[in-house]
Amino acid sequence: MENKKIMFILIFILSLFAVSAVCAGNAMQMKDDSIHQVSTLQAFMHGEYDGIITVGDLKLNGDTGLGTFEGANGEMIVLDGVVYQAKADGSIQEMPNNEKVPFAVVTNFDEDAAMNDISAKNFSDLTSQLDKEADKLGKNNIYVLKIKGDFSNITVRSVEKQEKPYKEFTEVAKTDQKVFNYTNQSGTIVAIYFPKYMESLNMHGWHLHFLSDDKTKGGHVLELNMTKANAGVDIISEFNMLLSTKDSFTKMDLSENMTSKISSVE
Ligand SMILES: [Zn+2]
């Protein structure tokens with residue numbers, strides 16, 4: 001009997017801890033509408049593929065996002081605090097904390113709005129629906145979406161790891177891009193939107209990376225047919241950016257307008 005009483009008191013105390021931990025967690029989540037970007041997409045396009053932050057440190061800045069790895073080694077998908085690599089051979093693996101990152105965008109995801117029961121017959125159908133949502137919520141915000149659903153078709157790409165001297169990314173996409181077409185997949189798309197006025201730091205519009213629920217397929221999304229999905233929308237109002245201190249970046253000529261080159265490969 002006495003043991004039972006002690007157990008009951010212990011469980012009661014543990015429940016109090018659990019409740020307060022959940023409350024503290026929610027309070028923190030509500031505050032975090034910041035996004036963290038590593039480098040600029042324009043520097044990456046020019047061949048700046050050396051990592052400037054580790055996967056371990058990137059994870060301290062966000063649990064959801066997208067990017068790539070040192071040497072443009074595949075596509076990065078960050079989901080629920082895990083950093084996945086979609087390799088050019090089509091496989092998926094979790095990346096270790098010591099791996100380096102030349103370009104990425106991450107946030108601690110918290111849902112500020114939702115889009116339920118959406119479908120899209122192709123990529124541009126989806127992005128035009130997302131554009132409408134962004135227009136409604138404010139076209140000058142940054143957005144991170146988690147779109148979880150079923151895909152009758154999804155086409156993704158990844159790229160082969162590059163060796164120095166690095167080529168511009170438009171060349172990499174021509175020679176070292178691998179495209180995979182999958183049918184009947186369930187999974188999550190991490191979608192990131194940057195407004196027009198930020199197009200010299202990233203790309204205007206929607207950048208989509210996919211990971212299947214069974215964590216075996218994924219990559220940078222090129223095309224899709226989404227039969228049914230729900231999307232959580234994180235409205236971002238704070239932008240943080242980490243820049244390389246290497247001469248290859250600090251002395252790089254970034255005067256070229258990269259918008260059309262970026263839209264040809266991203
Ligand atoms: Zn991408």
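One-based numbering, in listed order, for ligands and for the atoms of each. Note that these values count all heavy atoms, side chains included, but never hydrogens, waters or copies made by symmetry. We're numbering straight along the sequence, starting at 1. What you see is a predicted model, and the numbers here were worked out from it, not measured in a lab.
Here the rule is side chain to side chain contact (heavy atoms under 4.5 Å, CB included) with Phe151, and of Asn184, Thr183, Ile189, Val221 only Ile189 fits it. Checking each of Tyr193, Trp206, Phe109 against Leu145 for a side chain to side chain contact (heavy atoms under 4.5 Å, CB included) leaves exactly one that passes, namely Trp206.
Excluding waters, the protein N/O/S atoms found under 2.8 Å from the Zn ion (ligand 1) are His207 NE2, His209 NE2, His220 ND1.
The number of heavy atoms from other shown groups lying within 6.0 Å of NZ (Lys121) does not exceed 12.
Checked for salt-bridge contact, Lys146 and Asp234 miss the test: no charged N lies under 4.0 Å from a carboxylate O. Glu266 and Arg157 are joined by a salt bridge, as a carboxylate oxygen and a charged side-chain nitrogen come within less than 4.0 angstrom of each other.
Judged as a ring pair (Phe, Tyr, Trp, His ring centres under 6.0 Å), and not counting sequence neighbours, the contacts of Tyr166 are Tyr49.
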